[in-house]
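Below you'll find the structure, written out as structure tokens, and then a few comments.
In what follows, chains carry the letters A, B, and so on, assigned in the order in which the sequence lines appear, proteins first and then strands, with residues in each chain numbered from 1.
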There are 2 protein chains.
Amino acid sequence: MNARIVIIDDEAQIRRMLRIALKSDGYEVVEAENGEQGLAAVVRHQPDLVILDLGLPDMDGHHVLEELRGWSRVPVIVLSVRSGDREKVRALDAGAQDYVTKPFSVEEFLARIRASLRDYNKPDAPKRLDDGHLCIDLAKRQVCVAGRLIDFTPKEYAVLTRLAQSPNCVITQTQLLQEIWGPGHEQDTHYLRIVVSHLRQKLGDEPAEPRYIRTEAGVGYRLVFREASQ
Amino acid sequence: MNARIVIIDDEAQIRRMLRIALKSDGYEVVEAENGEQGLAAVVRHQPDLVILDLGLPDMDGHHVLEELRGWSRVPVIVLSVRSGDREKVRALDAGAQDYVTKPFSVEEFLARIRASLRDYNKPDAPKRLDDGHLCIDLAKRQVCVAGRLIDFTPKEYAVLTRLAQSPNCVITQTQLLQEIWGPGHEQDTHYLRIVVSHLRQKLGDEPAEPRYIRTEAGVGYRLVFREASQ
DNA sequence: CCGAGTCTTTACGCAATTTTTACGCGTTGA
DNA sequence: TCAACGCGTAAAAATTGCGTAAAGACTCGG
């Protein structure tokens with residue numbers, strides 16, 4: 001989960017300071033001391049964010065940003081001693097997420113990094129289970145069986161996704177009843193049997209030899225998933 | 001294409017300057033001179049960006065941001081005379097996209113607005129949906145059905161486009177009510193039913209087997225789109 | 001100040017979902 | 001062997017939520 005950050009800056013001092021600050025915040029850091037190295041590092045390490053100094057020895061920082069934007073939309077925070085409007089406008093319009101002028105406060109800089117990562121990495125958790133036959137898309141709230149979209153009632157969907165959250169693990173009856181029907185329904189196990197029955201019908205599961213929802217007698221249920229992706 | 005921007009600032013001078021600069025760049029501008037007015041304006045005008053001054057007469061700017069983030073993810077650029085790290089870190093971590101210290105360069109400020117608008121409107125949000133029968137153009141704010149332009153009331157349009165921003169995903173009733181009717185209306189689900197009813201009529205959708213707006217009972221609604229083009 | 005358009009309130013028929021009730025089947029243990 | 005128990009299924013009854021219409025309240029521009 002630790003974000004990876006590429007620093008492109010020719011000053012070893014700045015790199016050192018940033019590296020220490022970033023690592024202590026749990027980021028993975030990759031350093032590059034010129035534009036060419038920087039672009040190579042972005043290709044190689046696929047970072048979640050890039051810190052780019054405009055004053056590089058081999059090529060103009062604006063040029064680096066321009067080239068980068070030709071094939072990547074990774075968020076870039078530009079760093080510069082130059083504080084002229086023109087520079088800032090140019091960098092921001094070229095696709096930089098933010099522009100920070102040296103000298104800067106480390107705390108503020110880290111906060112700007114957090115903001116960039118947060119805002120950019122929004123579509124990050126498309127949780128999905130798919131084994132070719134059954135596909136559960138938690139983000140879209142959609143379930144397919146053999147390519148067919150299936151409709152579920154709220155309770156049915158809740159039970160199925162609760163099981164899907166911990167594939168291949170037994171979820172106890174009490175747990176399911178408490179979490180879905182609310183406290184005070186721990187004894188109503190027949191609700192569960194009915195819902196599971198409907199689920200198996202819609203999933204094309206035979207209760208004698210169920211492919212997906214296995215019964216653990218007296219305990220609870222388990223969703224069996226072979227090729228579970230993350 | 002014209003983005004709408006809400007300015008929340010108590011100083012008429014600053015508002016005036018921003019208004020002139022923003023309008024000359026083609027933005028639609030709405031002004032508010034305190035926090036309460038500002039929040040109301042965001043609910044009412046559904047802006048694409050918010051400019052928020054931290055020094056407001058009625059409530060703390062941080063508090064405004066906090067409340068706003070409870071129900072909206074519209075990008076916010078914070079404006080302040082205070083330049084302390086703590087302030088900046090707090091605002092950025094609370095969900096601000098950017099933090100600009102007064103006095104500031106108008107050119108730079110406009111560039112930061114362009115950057116925020118550009119970066120925020122990127123994630124998986126197609127500006128235009130078209131399946132041959134229904135065409136939703138979010139940029140032009142136009143909707144066609146079978147080649148005919150359709151008129152919608154503001155609420156109808158807001159619901160439709162909110163659904164269109166995440167095609168094929170369920171948007172919960174609470175989400176729709178909070179984002180469009182504002183906080184405090186989470187329970188008024190019948191508003192939604194009425195608006196959806198009107199939308200289906202205008203879209204030529206039968207509620208029994210809806211082609212476009214599908215009901216997820218007890219949860220929310222989903223805009224079904226097969227051939228979503230760019 | 002008025003009227004058109006919009007939003008809110010109110011009301012009611014209908015459909016879907018949940019809960020209740022009932023019954024058959026296999027396993028287990030006395 | 002058979003009674004008790006947990007499970008699965010199928011129906012009903014009850015409850016909840018949905019869709020629509022229509023009337024009153026509100027807003028805004030002229």
Side-chain angles (χ1 to χ4, degrees), chain A residues 141 143 150-163 170-174 176-182 184-222, chain B residues 28 30 37 40-41 43-46 150-160 162-163 170-174 176-182 184-222:
Chain A
R141 205 172 193 283
V143 178
I150 307 284
D151 280 329
F152 293 100
T153 72
K155 288 273 191 287
E156 286 166 9
Y157 186 83
V159 171
L160 180 60
T161 53
R162 180 60 191 87
L163 294 177
V170 178
I171 314 295
T172 63
Q173 300 175 340
T174 311
L176 288 165
L177 286 165
Q178 271 193 346
E179 291 180 23
I180 295 166
W181 274 265
H185 288 267
E186 293 84 358
Q187 262 68 26
D188 301 334
T189 55
H190 56 286
Y191 290 174
L192 263 181
R193 284 192 225 111
I194 294 167
V195 166
V196 168
S197 168
H198 291 159
L199 278 174
R200 289 211 256 239
Q201 284 173 19
K202 293 185 178 179
L203 261 50
D205 228 355
E206 296 157 55
E209 195 60 42
R211 178 174 174 183
Y212 290 116
I213 304 182
R214 292 256 171 95
T215 303
E216 301 289 329
V219 185
Y221 294 89
R222 173 207 309 271
Chain B
E28 192 179 322
V30 176
Q37 270 185 32
V43 170
R44 203 166 142 59
H45 296 95
Q46 301 283 318
I150 306 284
D151 278 330
F152 292 101
T153 72
K155 288 273 190 283
E156 287 167 7
Y157 185 81
V159 171
L160 181 61
R162 181 62 190 85
L163 294 176
V170 176
I171 314 296
T172 63
Q173 300 175 339
T174 309
L176 288 164
L177 287 166
Q178 275 194 341
E179 291 179 23
I180 295 167
W181 273 265
H185 289 267
E186 295 83 359
Q187 259 68 26
D188 301 334
T189 55
H190 56 284
Y191 290 175
L192 263 180
R193 291 205 279 283
I194 293 166
V195 166
V196 168
S197 171
H198 292 158
L199 278 174
R200 289 211 256 238
Q201 284 173 18
K202 293 185 179 180
L203 262 49
D205 227 354
E206 297 156 54
E209 195 60 41
R211 177 172 173 185
Y212 292 115
I213 303 182
R214 299 198 60 166
T215 303
E216 300 288 330
V219 183
Y221 293 90
R222 177 208 305 271

Please state how far atom NZ in B/Lys155 lies from atom P in C/dG5, giving the value in whole angstrom units. 18 Å
Min side-chain heavy-atom separation A/Leu192-A/Trp181 under 4.5 Å: yes
Within this structure, what is the NE2-to-P distance between A/His190 and C/dC23, rounded to whole angstrom? 16 Å
Taking any heavy-atom pair under 4.0 Å as a contact, classify A/Gln173: base, sugar-phosphate, or nothing. sugar-phosphate
Contact class for B/Tyr221 (heavy atom, under 4.0 Å): base, sugar-phosphate, or nothing? sugar-phosphate
B/Thr153 vs A/Asp188, nearer the 5' end of DNA chain C by closest nucleotide: B/Thr153
Given atom NE2 of B/His198 and atom P of D/dA21, what is their separation to the nearest angstrom? 8 Å
I'd like to know if the side chain of A/Glu186 reaches the main chain of A/Gly184, judged simply by a donor and an acceptor atom lying under 3.5 Å from each other, with no hydrogens or angles considered. yes
Testing D/dG19, D/dG8, C/dT20 for proximity to the side chain of A/Arg193, the answer is D/dG8
Selection from D/dA21, D/dG19, C/dT20 that lies nearest to any side-chain heavy atom of B/Thr215: D/dG19
Looking only at side-chain atoms of B/Arg44, point me to the closest of D/dT27, D/dG8, C/dT19. D/dT27
Whole-Å distance, B/Leu176 CG to D/dC18 P, equals 12 Å
Exactly one of B/Val196, B/Ile194, B/Val195 should register a side chain to side chain contact (heavy atoms under 4.5 Å, CB included) with B/Glu156. Which one does? B/Val195
Rounded to the nearest Å, what distance is computed from the CD1 atom of residue A/Ile213 to the P atom of nucleotide D/dC7? 15 Å
Just by modelled atom types, is the B/Leu176 backbone N or O under 3.5 Å from a matching donor or acceptor in the B/Arg162 side chain? no
The nucleotide from C/dT6, D/dG19, D/dT27 with an atom nearest the side chain of B/Pro154 is C/dT6
Just by distance, do the side chain of B/Gln46 and the backbone of B/Glu179 share a donor-acceptor pair under 3.5 Å? yes
If you check every side-chain atom of A/Trp181, which of D/dG19, D/dT9, C/dT19 has the closest atom? C/dT19
Between B/Gln201 and D/dG19, is there a contact of a side-chain N or O with OP1 or OP2 at under 4.0 Å? no
Rounded interatomic separation in angstrom, taking CD from B/Glu209 and P from D/dG19: 13 Å
A/Glu156 atom CD is separated from C/dT19 atom C1', nearest whole Å, by 14 Å
Over how many whole Å does the gap from B/Tyr157 atom OH to C/dT6 atom P extend? 15 Å
Looking only at D/dT9, C/dT9, D/dG8, the nucleotide nearest the A/Arg200 side chain is D/dG8
Students often get this wrong, so: under 4.0 angstrom with heavy atoms, is A/Thr189 touching a base, only sugar-phosphate, or nothing? nothing
